[in-house]
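Just so it is clear, the structure is predicted and the values come from calculations on it, not from any experiment. So you know, we letter chains A, B, ... as the sequences are listed, proteins then strands, and number each from 1.
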2 protein chains.
Amino acid sequence: MKYSKQRAEILKTVTENRIHPTADTVYTLMREKMPDISLGTVYRNLNLLAENGDIRKIPVPNGSDRFDSRMNPHEHMICTECGEVFDIDMDIMSNVKPLADREHNFDVSSCSLTVYGICAKCAEKNKNY
Amino acid sequence: MKYSKQRAEILKTVTENRIHPTADTVYTLMREKMPDISLGTVYRNLNLLAENGDIRKIPVPNGSDRFDSRMNPHEHMICTECGEVFDIDMDIMSNVKPLADREHNFDVSSCSLTVYGICAKCAEKNKNY
DNA sequence: CTCAAAATAATAATGATTACTATTATTAGT
DNA sequence: ACTAATAATAGTAATCATTATTATTTTGAG
């Protein structure tokens, strides 16, 4: 894997913007620094960085994938009102692995949990109606 | 909501084929009985039936949604080798809800867990190499 | 410096799903 | 049963996120 300015800058963008950006958001942020960068490059590098263990790719059911620079075991909650993504510290892997093994002889390699609901801020806002 | 032959038959197809079919699989199965049915009708009715609580829609990260007629709380494991979907009896909701509430004041409405790994059958097959 | 390998920008293609539209089926009220 | 309002349909086009293609440019080892 060769060094490229683009990849380094993309990693920096994800690390500095802890907003769980989508590929498209990263693309928008990147164009401020490198106006000629292409969307394909952003996608390719986000995937490469994720494979390489530098960032995490968060698959979002019925939505764009998101990218996260926090690498500790945690899952994600998405507010269905404002769309913001929150981290929730939990390790489902250690929860699921023994269950899957015991009940189905299933050798778990990864799992993905997405939680939907209303965040505190939006719940507060809704009170005023 | 009016009665339609198509919707009734689609529900029957999902209920009888406990293979967690995708919309496209349902479409293929349906065309054997109703050759002129359209893919749009299949999608619309699967979504209607899911909203109505007759079936469950299982969002699959980076893949087609799947539909399930088993309505008890359970999650899904997908074999990355053969693609088969397995049910795993667990109620993450009751697991996640208190945690999300306590840590973030987040009001959870739903959550979706997908587990990836190798199923027993495929693991057995791989041994022979 | 040179040159092969890798990465890029730009664009086209893909796959899943939804939207649109003219036509047909269903059903409530006569 | 008849009819009008309305919901559902088939067929098609459009959308969205993502990946593939390709000709050109960058990178880094020798």
Once you round it to whole Å, what is the distance between P of D:dA17 and CG of A:Leu46? 15 Å
Between atom CZ in B:Arg44 and atom P in C:dT21, what is the gap in whole Å? 16 Å
Is there side-chain contact between [X] and [Y], with heavy atoms separated by less than 4.5 Å?
X        : Y        : answer
B:Val108 : B:Phe106 : yes
B:Leu46  : B:Tyr43  : no
A:Met93  : A:Cys111 : yes
B:His76  : B:Val60  : no
A:Met90  : A:Leu113 : yes

Please work out which residues in residues 9-17 of chain A have a non-hydrogen atom less than 4.0 Å from an atom of DNA chain C and list them by number.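 By residue number: none to list.
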Please confirm whether the backbone N or O of [Y] pairs with a side-chain atom of [X], one donor and one acceptor, at under 3.5 Å?
X       : Y        : value
B:Arg7  : B:Leu49  : no
A:Asn17 : A:Thr13  : yes
A:Thr80 : A:Gly117 : yes

Under a single-linkage definition using a 4.5 Å side-chain heavy-atom cutoff for Ile, Leu, Val, Met, Phe, Trp and Tyr, are B:Ile19 and B:Val26 assigned to the same hydrophobic cluster? no
Residue pairs fulfilling side chain to side chain donor-acceptor pair (under 3.5 Å) with at least one residue in residues 51-63 of chain A, sequence neighbours excluded: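 Every pair satisfying side chain to side chain donor-acceptor pair (under 3.5 Å) with a residue in residues 51-63 of chain A: A:Asn47-A:Lys57, A:Asn52-A:Asp54, A:Arg56-A:His74.
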May I ask you to decide whether B:Glu84 forms a salt bridge with B:Lys121, counting only side-chain N to carboxylate O separations under 4.0 Å? yes
Charged N to carboxylate O below 4.0 Å: is that the case for A:Asp89 and A:Arg70?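 Result for this pair is yes, salt bridge flagged.
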Which is true for B:Arg7 with a 4.0 Å heavy-atom rule: it touches a base, it touches only sugar-phosphate, or it touches nothing? sugar-phosphate
Among the nucleotides C:dT18, D:dT9, D:dA17, which one has an atom lying closest to any side-chain atom of A:Tyr43? D:dA17
May I ask you to verify if any side-chain N or O of B:Asn47 is less than 4.0 angstrom from the OP1 or OP2 atom of C:dT18? yes
Counting heavy atoms not belonging to B:Lys33, are there more than 12 under 6.0 Å from its NZ?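 Atom NZ in B:Lys33 is packed in, count exceeds 12.
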With rounding to the nearest 0.5 Å, note down the distance linking CZ in B:Arg18 to OG in B:Ser69. 4.0 Å
Going by heavy atoms closer than 4.0 Å, what residues in residues 52-68 of chain A are next to DNA chain D?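 Contacting residues: A:Ser64, A:Asp65.
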Does any residue of residues 19-41 of chain B have a heavy atom under 4.0 Å from DNA chain D, and if so, which ones, in number order? B:Asp36, B:Ile37, B:Ser38, B:Thr41
Does one side chain, of A:Thr28 or A:Thr25, offer a donor that lies under 3.5 Å from an acceptor on the other? no
Show me the protein contacts with nucleotides 24-28 of chain C, counting only N or O atoms at under 3.5 Å.
unit_1 : atom_1 : unit_2 : atom_2 : d
C:dT26 : OP1    : B:Lys5 : NZ     : 3.0
C:dT26 : O2     : B:Lys2 : NZ     : 2.8
C:dT27 : OP1    : B:Tyr3 : N      : 3.3

In degrees rounded to 10°, what angle is found between the helical axes fit to the five outermost pairs at each end of the helix from C:dC1-D:dG30 to C:dT30-D:dA1? 30°
